[in-house]
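Okay, so here's the structure we're looking at.
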Amino acid sequence: MCMEALLTFSAQRMARPEKANVRNTKRPKLDWKFVERFINIQKVLFPSWSSQSVLMFGTLLVVTLTEQLIIYQVGILPSHFYNVLADQDYSNFKSLLATAVVLIVFNSTLKSVDQYICNRMYVSWRKTLTESLHTAYFQGRVYYTLNVLREDIDNPDQRISQDAERLCKQMSSMASRLIVSPFTLTYYTYHCYYSTGWIGPVSIFGYFLIGTIANKILMGPIVSTLFEQEKLEGDFRFKHMQIRVNAESAAFYRAGKVEHMRTNRRLQALLQTQTTLINKELWLYIGVNMFDYLGGFLSYVIIAIPIFTGVYDGLSPGELSALISKNAFVCIYLINGFTQIIDLSTTLSDVAGYTHRIGELIEEMDKILHTQCDYDPASGENYDFDSDFNIHAGPVDTAFIIDHLSYKSPYSEQLLVEDLSLTISQGSHLLVVGNTGTGKTSLLRVLNRLWEADSGFVQMTTCFGPRGTLFLPQKPYLTDGTLREQVIYPLKDIYPVSGSVDDDRIIQFLELAGVSSLLKRTGGLDEDVDWNWYDVLSPGEMQRLSFARLFYLQPKYAVLDEATSALTEEAEGKLYRTCKQLGMTLISLGHRSSLEKYHVVQLQLCGGGQWEFTRLKGGESSSRDETK
Ligand SMILES: Nc1ncnc2c1ncn2[C@@H]1O[C@H](COP(=O)(O)OP(=O)(O)OP(=O)(O)O)[C@@H](O)[C@H]1O
């Protein structure tokens with residue numbers, strides 16, 4: 001798809017972001033929506049017939065079926081023992097004992113293999129599901145929209161990291177019991193019918209039906225409470241993360257007490273919901289356990305019917321004992337097959353809760369992706385928001401064309417800027433000023449397509465990244481990793497082909513930015529550091545490091561959002577002059593009048609949609625002002 005066409009987004013395609021701060025009031029249930037979401041997740045886990053998951057599932061089926069065959073043989077051993085003991089047949093007793101030992105060894109090995117495959121399947125499912133969630137999450141601006149503009153999808157991080165893990169764990173624990181059920185139930189139904197006539201299977205099926213209906217009723221409220229509990233779990237964890245990231249600021253406020261109180265408040269909310277969940281689960285556990293124990297008696301009732309109606313009157317006591325033992329095993333096993341399914345209802349309610357949380361996230365990510373302005377409904381293609389480094393798209397000397405642009409903040413009706421027209425070209429260094437909250441950073445959000453405009457036309461005519469346009473956000477962003485990774489960010493290649501030449505460049509730019517001391521502190525460009533960069537660097541050092549990044553990437557256009565606010569005017573001057581020497585056109589946001597001398601034109605945002613342009617004196621020495 002034509003890059004320029006994709007970058008051009010006009011008013012028709014710029015639907016306002018939906019008002020997403022309304023909480024999703026639909027309570028998740030064990031309903032058709034659950035089935036739909038569950039199937040969607042299964043499609044991710046089992047992408048094709050030859051996938052690893054299908055192969056593992058097939059192996060598990062073979063292992064559990066073999067295990068069941070052996071269990072059947074072990075199950076009827078007591079009836080053979082009754083026979084040989086009643087007949088005092090010593091030689092058969094010995095061979096029976098040997099068979100029993102072999103069968104038990106086989107059985108325990110298969111049980112362990114079964115467990116092993118389930119564990120491997122859990123890891124494989126977790127990998128597939130989490131990677132698929134990551135693919136959607138990091139596509140375009142989905143992670144930004146979810147975390148900044150949407151309030152209805154709580155804790156996306158927790159859904160991806162914890163809920164996905166728990167879903168896979170619970171499903172793998174259910175797998176071996178569920179996979180074999182159709183076979184064992186059919187097999188033992190046949191045997192039960194053979195031993196007790198129709199009365200056995202019909203009573204057991206009726207019993208199972210009642211159990212299922214009762215459990216469905218008891219499980220209903222659990223699913224929504226589990227959903228809520230997971231949300232509160234995420235909120236609680238987020239609070240701890242907030243303190244971890246902002247520990248120093250909190251300590252300056254001596255905020256231990258207030259943070260203690262607030263964190264405890266979140267814990268209380270979580271524990272309250274957890275208690276409610278446990279209370280609701282009590283009824284389910286009562287139902288499940290009652291079903292288990294009543295099932296144990298049902299087998300004797302079924303066997304008693306032919307005995308008391310005289311069907312087995314002609315048998316000797318030894319033969320009758322053996323027959324009762326065999327029939328009891330068949331009935332008990334059939335009932336056991338059903339009770340195992342009923343027992344799974346506690347796991348199933350967990351699976352339903354997690355399925356709703358992950359299913360909802362998948363649906364919302366998909367929706368966001370399809371409503372973003374870089375999605376083309378005709379071709380179904382998405383312009384790759386991240387990967388247009390090194391692609392040159394538009395006129396060589398222009399970065400942005402803005403035509404009659406109006407925009408507002410997401411949940412406000414008040415326009416921040418109305419009807420703004422402007423072309424930013426090479427050499428037309430632009431300074432954007434204005435009071436707090438007048439929409440300076442928002443202009444950059446619209447230019448960078450993080451926010452959609454209310455009306456008008458914005459075209460970014462260069463590529464993003466080196467040789468194009470680069471944004472330095474107001475809060476310096478430092479990634480995890482080595483010093484080299486900080487400098488070359490957001491480039492992915494850690495070791496470019498350039499090798500040591502690249503090292504020299506990085507060191508030179510660190511010096512120019514005034515942070516060469518970091519080389520000593522880290523022990524080298526590629527030395528792994530176990531600190532959090534935000535904790536160990538001062539705000540000024542972070543801003544300087546961002547400039548080192550800018551010098552390294554050398555874009556044609558650098559968009560700087562209060563990028564020198566923590567530095568002295570002298571340091572600011574040095575950094576700005578270096579940018580200009582490296583041939584960058586600067587688009588700066590800031591409050592300081594000292595910035596004026598590095599720019600040609602000033603755009604003042606006056607609030608309420610108003611704005612005005614001023615030609616700056618400092619710009620006289622720069623290339624021609626091409627703004628309208
Ligand atoms: N994610 C958001 N959701 C809703 N409103 C927002 C969001 N981000 C910013 N705003 C609002 O948009 C308005 C403009 O914000 P913006 O960040 O553009 O201000 P600014 O002019 O850059 O201010 P400053 O000089 O303090 O950096 C503000 O009223 C702000 O509260």
Side-chain angles (χ1 to χ4, degrees), residues 14-23 137 140-157 238 242 245 249 364-365 368 371-373 385 400 402 405-420 422 424 430-456 458 460 469-477 539-540 542-543 546 558-567 572 586-596 599 601-614:
M14 283 193 251
R16 296 282 308 152
E18 50 217 272
K19 289 241 170 196
N21 54 344
V22 186
R23 282 238 171 261
Y137 188 65
R141 290 152 289 154
V142 172
Y143 62 93
Y144 172 80
T145 311
L146 266 181
N147 285 303
V148 180
L149 302 177
R150 300 288 299 260
E151 289 179 8
D152 51 343
I153 301 295
D154 68 87
N155 304 298
D157 56 326
F238 181 73
Q242 211 176 31
V245 172
S249 310
E364 288 310 317
M365 290 198 292
I368 292 172
T371 48
Q372 280 178 356
C373 51
F385 183 70
F400 297 101
I402 300 169
L405 172 73
S406 301
Y407 59 86
K408 43 188 165 188
S409 64
Y411 309 124
S412 159
E413 286 312 310
Q414 177 75 38
L415 282 177
L416 289 167
V417 165
E418 192 175 358
D419 208 20
L420 174 70
L422 159 77
I424 300 172
L430 174 74
L431 175 64
V432 184
V433 296
N435 276 339
T436 305
T438 44
K440 301 183 294 296
T441 305
S442 304
L443 175 63
L444 302 192
R445 293 182 184 117
V446 176
L447 291 182
N448 203 5
R449 292 175 301 128
L450 298 179
W451 286 9
E452 288 163 0
D454 198 59
S455 63
V458 176
M460 180 169 150
T469 303
L470 208 78
F471 292 77
L472 283 200
Q474 204 167 6
K475 290 185 216 157
Y477 182 66
M542 286 191 239
Q543 290 193 336
S546 302
V559 187
L560 314 174
D561 188 356
E562 299 189 29
T564 50
S565 56
L567 302 173
E572 176 185 87
L586 302 170
I587 298 131
S588 310
L589 271 60
H591 295 281
R592 276 195 200 161
S593 55
S594 59
L595 284 173
E596 287 177 8
H599 298 85
V601 180
Q602 175 173 294
L603 168 65
Q604 169 133 26
L605 303 186
C606 312
Q610 302 300 308
W611 50 267
E612 65 183 43
F613 278 116
T614 321

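Read the numbers this way: they start at 1 and go in the same order the structure lists the ligands and their atoms.
Among residues two or more places apart in sequence or in another chain, the salt bridge (Lys or Arg N to Asp or Glu O under 4.0 Å) test is passed with Glu572 by Arg592. For Glu418, the side-chain contact (heavy atoms from CB on, under 4.5 Å) partners at least two apart in sequence or on another chain are Ser406, Leu415. Every side-chain contact (heavy atoms from CB on, under 4.5 Å) that Thr441 has, sequence neighbours left out, goes to Arg445, Gln474, Asp561, Leu589.
At distances below 3.5 Å, not a single donor-acceptor pair connects side-chain atoms of Ser412 with backbone N or O atoms of Ser409.
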Open item on the list: Run the side chain to side chain contact (heavy atoms under 4.5 Å, CB included) test on Leu420 and Phe613 for me, step by step, so that the C-alpha distance in whole Å, both residues' side-chain angles and the decisive distance to 0.1 Å come before the verdict.
Closed with: CA-CA 10 Å; Leu420 174 70; Phe613 278 116; 4.2 Å; yes
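Sorted by chain and number, the residues within 4.0 Å of ligand 1 by heavy atom are Val148, Ser409, Pro410, Leu416, Asn435, Thr436, Gly437, Thr438, Gly439, Lys440, Thr441, Ser442, Arg445, Trp451, Gln474, Glu562, His591.
The closest side-chain heavy-atom distance from Tyr144 to Ile368 is not below 4.5 Å.
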